[in-house]
Amino acid sequence: MKNYQHSVSLDVAKCKGCTTCLRRCPTEAIRIRDGHAVIHSERCIDCGECIRQCSYKAKKATHDGLDKLNNFRYRIALPAPALYGQFDNMDNIGYIIAGLHAMGFDKVYEVARAAEMVSAYTRMYLRRKDIKKPVISSACPVITRMISMNFPFLCDNIIPLLPPIEVAADLARKEAMAEHPELASEDIGVFFISPCPAKVSYVKNGFAGEKNNVDHVLSVRDVYFVLIEKMKQIEEPAESTEAGMIGIGWASCGGEASAVFNEHYLAADGIENCIRVLEQIDNENIPTLDYVELNACSGGCVGGVMTVANPYIAQARLQSLKRYLPVSPNSPVKDEIPESAFAEGMVQYNPYNLLSDDRMEAMRMMADIENICTELPGLDCGSCGAPTCMAFAEDIVKGETNADECVVNMRMLFHDFLEKRRNGNSGDAVPLEKWMRMRKDTENAEGKTDGGNV
Ligand code: SF4
Ligand code: SF4
């Protein structure tokens, strides 16, 4: 996707080039060049895994600051349900709602309320006969982007419904305009309080097209530190939550899927587990399922890198917070999905790893990659600055690096050089690619090769 706006970035000054993030990036988007990490924009899915892994805090999530509140006459907060799990010893979500008002928000519309509506729409959608199963949730933007880049045959499995963030923004804006007819739409600022950078990218890139109603995305972490001080000053909150168990359950892995009231579901968390599940669905190597919920972060949204609390502790807090709440106080008026909730075509196949637009050229490059791979040690050590030998070979063929970055082969080359010196023939300096060809020719002459590669 051209001009994709990312929310994960690198502070070059802090990066030590240690390769930790390189090994953990699920899309092989990171390379080490000139001693520091570089993120390949077209491959990055903003999962935040590299932020989680970097001990030097060189990777960061970009999001909007609280100063953006000053740009609007009327401000609406959309707290993600994961926010509720951040606070210790809190037994009433009303404190959070009152605290958000004290921070300067004129209205609070809980995303958990919209999540209950989306759960109801999903149950209606699953009753249809003309849909491709298993239906995959559209709620996690990391997963939808991963599918759009890597799984062309699964794009149609994604439920064509807007995620709760978008439904909440739409309903909140409409309510505000009805309550305050004196306001123009541009006077109203809608702020999503997000646990993860992927939802920042979702908003920045307008995934919902014209239906995108969120103006800015704040981080749970930024809001937490201001909110906790405001909450301390509240003796008894005037409001209480309008969400129920189902809506708040969306914050943790399994909460969304269990709300479809259908036992043929699967819920997975952690990006590597999710990729494995997608591969199995793609290969039809999975039991019959109606619904699949995939959360890129461990534990679900509570595990996002813009949160404060340990995700499993946050999950335990949410369990106890929702214990006495009604199951689902927010449900659609009619037993049909409104047109406004649909987002047809939101996910389209958009491959990132095409070697060339020219098919013949791409095939030639693929053959070159395979040939170079046969000459590489296959250790996937990362010392060359690429995550695997295959990725390194691809980078060589694309002209982004050269073969003598392979330290293992360089070592062999050096030994070869020393050997020649010992024999009184230091020889000319031989580029590694040439040396690799020479070595292969020698092996061929000695009958050592498999004879399959040109
Ligand atoms: S983990 Fe990545 S970003 Fe962090 S220091 Fe190591 S190479 Fe740099
Ligand atoms: S955010 Fe995820 S996909 Fe992007 S560079 Fe970091 S680990 Fe890779």
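First listed ligand is number 1; within each ligand, the first listed atom is number 1. Numbers for residues simply follow the sequence, beginning at 1. Only heavy atoms go into these numbers, but all of them, side chains included; no hydrogens, no water, no symmetry mates.
- Close approach of ligand 1 to Tyr56 (heavy-atom distance below 4.0 Å) involves ligand atoms 5 (S).
- Ile147 is listed as a side-chain neighbour of Leu154, based on a closest heavy-atom distance under 4.5 Å.
- Taking the six-membered ring where tryptophan is involved, the planes of Tyr224 and Phe87 are essentially parallel, since the angle between them stays under 30° and well short of 60°.
- Rounding to the nearest 0.5 Å gives a distance of 3.5 Å between CD1 of Ile93 and CD1 of Ile248.
- Closest heavy-atom contact between Gly65 and Leu218: O-CD2, 3.6 Å.
- Counting atoms of ligand 1 from 1 in the listed order, those under 4.0 Å from a heavy atom of Lys16 are 5 (S), 8 (Fe).
- Taking every heavy atom of Thr20 and a limit of under 4.0 angstrom, the matching atoms of ligand 1 come to 1 (S).
- Of all protein atoms, those that are N, O or S and lie under 2.8 Å from atom 6 (Fe) of ligand 2 total 1.
- Between the side chains of Arg24 and Thr20, no donor N or O sits under 3.5 Å from an acceptor N or O.
- Scanning the protein for heavy atoms near atom 4 (Fe) of ligand 1, the closest one is Cys54 SG, 2.3 Å.
- Under the 3.5 Å distance criterion, with hydrogens and angles disregarded, a donor-acceptor pair is assigned to the side chains of His6 and Ser41.
- A side chain to side chain donor-acceptor pair (under 3.5 Å) check over residues 243-255, counting only residues at least two apart or in different chains, returns the pairs Ser119-Trp250.
- For ligand 2, the atoms lying closer than 4.0 Å to a non-hydrogen atom of Thr27 are 3 (S).
- For ligand 1 and Leu10, the ligand atoms under 4.0 Å from any heavy atom of the residue are 3 (S).
- Checking Asn350 against Gln348 by side-chain atom types alone, no donor-acceptor pair falls below 3.5 Å.
- Defined by atom type and a distance below 3.5 Å, a donor-acceptor pair is missing between the side-chain atoms of Thr144 and Ser138.
- Closest heavy-atom approach to atom 1 (S) of ligand 1 among the candidates Ala58, Cys15, Gly17, Cys18: Cys18.
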